[in-house]
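Keep in mind the model is a prediction, meaning the values are calculated, not measured.
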Amino acid sequence: MANNRITEIGEIDSISGNSISVKLLDNIKSNMPIIDGVVYQVGQIGSFVRIPLGYSNLYGIVTQIGSGAIPESLRDAIAQDYDLFRNTRWINIVLVGEQQSNKFERGVTQFPTTGDKVHLVTINDLDIIYGGYEESNSITVGNISVSESLDAKIDLDKLISRHCAIVGSTGSGKSNSVAVLMKAIANRNFSSSRILIIDPHGEYNDALSHHSNVLEINAKKTDNKLVIPFWALPFNELMKVFSGSLSDSNREYIREKIVEAKIKSAEENDIEVGIESITADSPIPFSIKRIWFELDDFERRTLNQDRITPTELIKEGSIEEMISNEYPVAGVGNSAPFLNNRAKGLLSFLDSVRNKLYDSSYSFLFNPIDWTPDSNGKIKKDLDTLFLKWLGDDLPITILDLSGIPSDIMSSISGALLKIIYDGLFWGVNTKVGGKNQPLLIVLEEAHNYLKAGEKSISSRTVQMIAKEGRKYGVGLLLVTQRPSELDETVLSQCGTLIALRMNNSKDRGNIRSAVQDELQSMVDLLPSLRTGEALISGEAVKIPSRVKFYKIANAPKSSDPKASEKWLEEINNANEEYSQLLKSWRNQNYKL
């Protein structure tokens with residue numbers, strides 16, 4: 001009881017829903033009382049207060065202080081007699097949970113009444129609030145900002161199954177936070193955990209080197225090369241890779257040719273699939289070179305006097321080398337040979353196809369090593385071995401480094417990659433490696449590139465699908481972005497946990513404000529004042545909204561700022577050779593040469 005009198009700071013004056021106005025006691029000597037040798041702060045935004053109710057305690061968060069926290073019913077009186085109220089102090093609090101038998105639970109089953117006493121929260125109370133996590137399903141990512149002696153824990157199951165978003169301005173510590181989360185999960189040594197990081201800039205290769213299998217577009221070793229077989233892409237996404245426009249009739253013409261090729265290839269590779277279910281989107285191999293050759297041949301052939309039979313070849317072309325057949329030049333007027341009047345006018349499009357297939361920067365797509373079909377559509381390895389490489393490695397994390405993908409197709413290819421993975425886990429839900437039996441966490445770095453609001457790209461559609469339905473199939477999302485205002489609001493609202501680091505842009509803060517519960521929206525105004533690596537964590541994965549200082553990881557991700565004061569002290573002895581290497585890397589589109 002004595003302790004209660006020491007910690008008492010005010011009493012409840014009015015209650016409006018979950019928002020409670022508290023009048024602080026006049027006899028509080030300081031905003032920083034000392035209790036048992038510990039200094040506490042009264043009335044700090046985001047701090048906790050305790051309301052004893054019988055054998056239980058309610059806990060609330062301070063959301064407003066000062067004259068703005070005065071109840072509406074008293075504001076007219078203040079306007080008439082300000083001197084009567086000028087020395088009084090008020091705070092607004094929002095109830096977030098309750099404690100019974102030394103166990104804290106989110107939500108409240110009972111509400112206080114006016115006149116109930118309000119107390120500041122001590123270290124012992126904080127132990128109860130932030131404790132109670134089960135070791136089997138929680139990870140530690142840092143310290144609680146108000147008391148560095150308290151570990152910041154996160155519920156792993158809810159983090160993954162309910163989706164999560166990490167947002168913050170450039171330099172706020174997003175990449176470090178992601179690396180800390182990933183390392184905390186990896187250090188748990190689960191026997192079959194799997195995390196897939198879609199990394200457009202190769203940021204995490206070094207930071208997670210001991211826990212991850214890195215697959216890169218420009219890897220020197222074949223085992224570490226990231227390949228995405230063109231034949232696994234949906235038809236429309238494959239067509240987007242090539243330049244030039246197609247009429248609707250020509251697009252359907254090519255679609256039919258690909259379906260025919262996939263049907264033949266299914267027989268060639270002994271693939272168990274019903275022919276009637278094969279479409280141009282089916283993940284079945286086919287020879288794109290043969291498709292090109294046959295389409296090109298039809299466009300170039302000339303006809304004999306009957307205008308039906310093709311003329312004899314002058315020079316035979318090559319499917320593998322993509323060399324066209326040569327026919328006699330069409331005659332003038334009514335003299336044979338004649339032009340093929342049934343040609344579709346596809347030569348310019350087919351030239352763009354050949355150019356892309358020759359382009360070495362697209363080899364990850366059109367020459368995917370053992371997954372490259374021969375001219376008959378026969379492959380050495382199928383997608384199951386690729387899935388094993390992506391999702392079945394002994395290490396818990398797989399990083400797909402997309403930094404070598406040409407920027408003009410980055411969104412399309414990354415979206416198609418996500419769709420390939422999700423479709424596989426969707427249809428394989430009843431297998432032991434399906435998402436239900438072996439959940440998958442997909443980390444999307446630079447998520448605003450996949451999910452631009454109002455965009456109908458495959459990446460946006462796929463991520464929306466995962467956000468809405470992935471929970472049922474064991475696929476979780478972790479979105480990382482510096483521009484939440486560019487994200488699709490539907491997806492952001494599906495994220496059960498929000499980790500918000502320092503954020504200066506008011507428009508971005510507005511999007512975050514709309515994603516948190518109404519009573520805590522005022523806490524979003526704290527974001528510009530957070531330290532680097534400090535975050536407000538709210539939602540399903542934490543027992544209570546928390547201000548957390550993340551650990552600093554040893555091998556910082558590449559996105560961390562270079563220190564000019566240190567780097568400029570280093571001498572560069574062979575600048576001419578270094579610039580020659582720069583030029584070589586630029587021309588080869590490979591920074592690891």
Side-chain angles (χ1 to χ4, degrees), residues 139-143 145 152-156 158-186 195-201 203-204 207-208 397 399 440-451 463 466-467 470 475-489 491-505 508-509 511-516 520 523-524 526-528 530-542 545-553 556-560:
I139 54 175
T140 303
V141 297
N143 305 112
S145 295
K153 293 181 179 291
I154 289 179
D155 187 309
L156 185 57
K158 291 179 180 177
L159 178 78
I160 295 173
S161 64
R162 308 288 175 85
H163 310 311
C164 175
I166 297 180
V167 299
S169 301
T170 301
S172 61
K174 293 189 305 300
S175 298
N176 178 75
S177 302
V178 174
V180 168
L181 278 170
M182 298 302 101
K183 201 167 184 178
I185 296 173
I195 300 170
L196 190 71
I197 300 178
I198 309 295
D199 186 1
H201 303 304
E203 291 183 23
Y204 299 99
L208 301 172
I397 302 170
I399 299 175
L440 170 68
L441 174 63
I442 299 176
V443 181
L444 294 180
E445 180 65 45
E446 301 287 349
H448 51 274
N449 291 332
Y450 303 84
L451 287 167
V463 176
I466 297 174
V475 181
L477 282 175
L478 196 162
L479 307 177
V480 187
T481 181
Q482 58 186 327
R483 295 308 308 271
S485 59
E486 295 183 7
L487 285 184
D488 185 279
E489 290 184 7
V491 174
L492 193 61
S493 67
Q494 294 289 333
C495 292
T497 303
L498 182 64
I499 301 176
L501 293 100
R502 185 176 65 246
M503 188 168 294
N504 299 317
N505 186 286
D508 290 328
R509 290 202 305 275
N511 281 66
I512 298 305
R513 187 176 284 106
S514 64
V516 301
L520 298 177
M523 291 183 64
V524 176
L526 291 175
L527 293 180
L530 296 182
R531 297 169 291 174
T532 298
E534 192 175 30
L536 293 176
I537 306 180
S538 63
E540 302 280 351
V542 289
S546 308
R547 186 169 176 172
V548 170
K549 185 73 169 71
F550 276 87
Y551 294 136
K552 181 69 176 174
I553 201 162
K558 285 183 181 179
S559 61
S560 57

To the nearest 0.5 angstrom, please state how far the [atom1] atom of [X] sits from the [atom2] atom of [Y].
X	Y	atom1	atom2	result
Gln494	Cys164	CD	SG	14.0 Å
Leu479	Glu445	CG	CD	10.5 Å
Leu501	Phe550	CG	CZ	6.5 Å
Leu441	Leu477	CG	CG	8.0 Å
Arg483	Met503	CZ	CE	9.0 Å

Flag, side chain of [X] to backbone of [Y], donor-acceptor distance under 3.5 Å:
X	Y	result
Ser169	Asn504	yes
His163	Ala467	yes
Lys549	Ala535	no

Is any side-chain heavy atom of Tyr551 closer than 4.5 Å to a side-chain heavy atom of Asn143? yes
Quick one: are Leu478 and Met182 in side-chain contact, heavy atoms under 4.5 Å? yes
Sequence neighbours excluded, every pair satisfying salt bridge (charged side-chain N to carboxylate O under 4.0 Å, His left out) that has a member inside residues 165-174: none
Quick test of your reading: applying salt bridge (charged side-chain N to carboxylate O under 4.0 Å, His left out), list the pairs with at least one residue in residues 158-170, sequence neighbours left out, ordered by first then second residue. Arg162-Glu540
Determine, for Arg547 against Glu534, whether the closest basic-nitrogen to carboxylate-oxygen distance falls under 4.0 angstrom. yes
Residues at least two apart in sequence or cross-chain that pass side chain to side chain contact (heavy atoms under 4.5 Å, CB included) with Ala152, listed by chain then number, are Val141, Ile144, Val548
Could you go through Ile397 and Tyr204, starting from their C-alpha distance and side-chain angles, then the distance that decides it, and tell me whether this counts as side-chain contact (heavy atoms from CB on, under 4.5 Å)? CA-CA 11 Å; Ile397 302 170; Tyr204 299 99; over 6 Å; no
